[in-house]
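Below is one structure, written out as structure tokens, with a few remarks after it.
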Amino acid sequence: MNQFLIDLQQNMEVSMHAISKESEHDLELANRNKDCLNKTMELLNDFVRKYEFQSIEDEIRFFKEQRPLFYAEYIFWNEVFFLESNFPVGKKWQIRFLKKELKRINNFFERHKELYKYYKQQLKLHDGQLFVRYPDEKLLSVEENPELDSKISTAYSSLFAKFIAFEKLAAKIQNSIVNLKNGEGEKRGLEQTHRLRWTGTKAQLIELVYALASSGVINHGKIHVKQLFLILSEFLHTEVTHYYPYFQRMRIKKKDRAQFMSYLSECLLRRMDESDENPRFS
């Protein structure tokens, strides 16, 4: 199971990276990513239908932590495609449209506020009822599950995925509203005139995010790693999923556990040395 998920994630990231480089505008980017994620979900669902979990704990981990990350990407890019496809002309109407979508997202969180608290607080008390496909007792009606095939998901797993996707989508919309109010982005809709892109490896970004979250330099340390990934992924136009397994592999290394941090330090010191020799080019 774990190796399948790692391979699936890597293939997804390679495809989306290529799409990001090839796409000329955000509508094309969203459309192609949407199709890519649809194929990814088909592969994942086919695998799960045939897979036998070795324990209840494995099943809970999959439906609570692993599957929602993939499904959240699918939801997010479908939502972005909808926004880009229906984005109106004119600053006033654009802001009104975005605020309406933001209200829709907030209404969703309000409807599911108890479960959202469970998600945000990372509780475990009811995991056996929420993230097992055939629990002894159900806490939510089947009608709430957008995926009707109970073999591939649970209602709560799908909602957790939507929490992740809508948090990311809300951040994107809020950023677009700010840009429009500041006079930016009107002609290009949600697309930014100049894109900042992460061109390093996923492992390097994961190391950087964990370092920032651990240092306490953002919000006095009161920020969750997941939230920081959502923000930086949006800002740097990249996708990072399944970052926890990467961190665990970094953690168990016997040496060079923070290789990227060492590299950044070397780059900074080299620039200082070069600036000493050529102050004009610092």
Side-chain angles (χ1 to χ4, degrees), residues 1-10 12-13 37 40-78 105 108-109 111-170 206 209-210 213 223-230 233 239-249 251:
M1 165 67 83
N2 287 337
Q3 188 58 50
F4 171 80
L5 294 177
I6 291 172
D7 292 342
L8 186 65
Q9 176 201 353
Q10 290 176 343
M12 179 188 75
E13 290 178 350
L37 269 298
T40 299
M41 290 308 303
E42 287 179 355
L43 291 172
L44 181 59
N45 292 339
D46 289 343
F47 178 84
V48 174
R49 285 189 185 98
K50 303 171 185 177
Y51 185 77
E52 294 291 334
F53 290 98
Q54 302 301 308
S55 66
I56 293 295
E57 290 73 21
D58 287 343
E59 185 173 0
I60 290 172
R61 184 180 307 109
F62 175 75
F63 287 113
K64 183 179 183 181
E65 301 175 8
Q66 296 171 324
R67 189 180 190 279
L69 293 176
F70 287 99
Y71 191 42
E73 288 297 312
Y74 172 82
I75 295 171
F76 174 77
W77 284 108
N78 273 272
I105 292 172
F108 168 79
F109 284 123
R111 287 198 308 274
H112 301 286
K113 60 183 177 182
E114 293 303 321
L115 186 63
Y116 188 54
K117 289 178 184 177
Y118 192 93
Y119 159 81
K120 293 292 285 184
Q121 296 173 14
Q122 300 181 336
L123 302 178
K124 300 179 180 181
L125 179 62
H126 300 298
D127 282 1
Q129 296 164 297
L130 301 178
F131 303 106
V132 175
R133 287 172 292 182
Y134 308 108
D136 296 332
E137 180 184 355
K138 292 183 179 180
L139 301 180
L140 191 69
S141 64
V142 178
E143 288 76 17
E144 294 274 1
N145 192 352
E147 300 170 292
L148 299 179
D149 190 346
S150 59
K151 292 182 180 180
I152 63 173
S153 186
T154 75
Y156 303 96
S157 181
S158 297
L159 286 170
F160 264 43
K162 204 163 186 177
F163 291 155
I164 297 169
F166 273 20
E167 284 181 339
K168 186 175 179 181
L169 185 65
I206 289 168
V209 170
Y210 270 96
I223 186 169
H224 195 275
V225 168
K226 182 186 295 184
Q227 183 182 4
L228 198 51
F229 270 113
L230 287 171
S233 294
E239 300 298 324
V240 181
T241 56
H242 294 81
Y243 44 82
Y244 185 70
Y246 278 100
F247 177 71
Q248 292 304 310
R249 288 197 289 273
R251 186 179 61 81

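Within the 4.5 Å cutoff, the side chain of L43 has no heavy atoms near those of the M12 side chain. With contacts defined as side-chain heavy-atom distances shorter than 4.5 Å, the pair Y119/L159 does not qualify. For the pair K50/K151, no side-chain contact is recorded, criterion being any heavy-atom separation below 4.5 Å from C-beta on. Using a 4.5 Å heavy-atom threshold, the side chains of F63 and L130 count as separate. With a 4.5 Å cut-off on side-chain heavy atoms, I206 and F229 count as touching. The side-chain heavy atoms of K124 and I60, taken from C-beta on, include no pair separated by under 4.5 Å. When side chains are defined from C-beta on, Y210 does not count as touching L228, because their heavy atoms never get closer than 4.5 Å.
Between F131 and Y118, the angle of the ring planes lies from 30° to 60°, which puts this pair in the tilted group. Using a 30° and 60° split on the angle between ring planes, F62 and F53 fall in the tilted class, from 30° to 60°. The aromatic rings of Y116 and F109 sit tilted, their planes meeting at an angle between 30° and 60°.
Proximity of a side-chain donor or acceptor of R67 to a complementary backbone N or O of I152 within less than 3.5 Å is detected.
With sequence neighbours excluded, the residues satisfying salt bridge (Lys or Arg N to Asp or Glu O under 4.0 Å) with K168 are E73, E239. In terms of the side-chain contact (heavy atoms from CB on, under 4.5 Å) criterion, residue partners of F4 (sequence neighbours excluded) are, by chain and number, L8, L44, F47. Among residues two or more places apart in sequence or in another chain, the salt bridge (Lys or Arg N to Asp or Glu O under 4.0 Å) test is passed with D7 by none. With sequence neighbours left out, Y74 forms a ring-ring contact (aromatic ring centres under 6.0 Å, His included) with Y71. In this structure E114 satisfies the salt bridge (Lys or Arg N to Asp or Glu O under 4.0 Å) test together with K117, sequence neighbours excluded. Judged as a salt bridge (Lys or Arg N to Asp or Glu O under 4.0 Å), and not counting sequence neighbours, the contacts of K120 are E167.
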Q: Would you please test H112 and K162 for side-chain contact (heavy atoms from CB on, under 4.5 Å) and show each step?
A: CA-CA 11 Å; H112 301 286; K162 204 163 186 177; over 6 Å; no
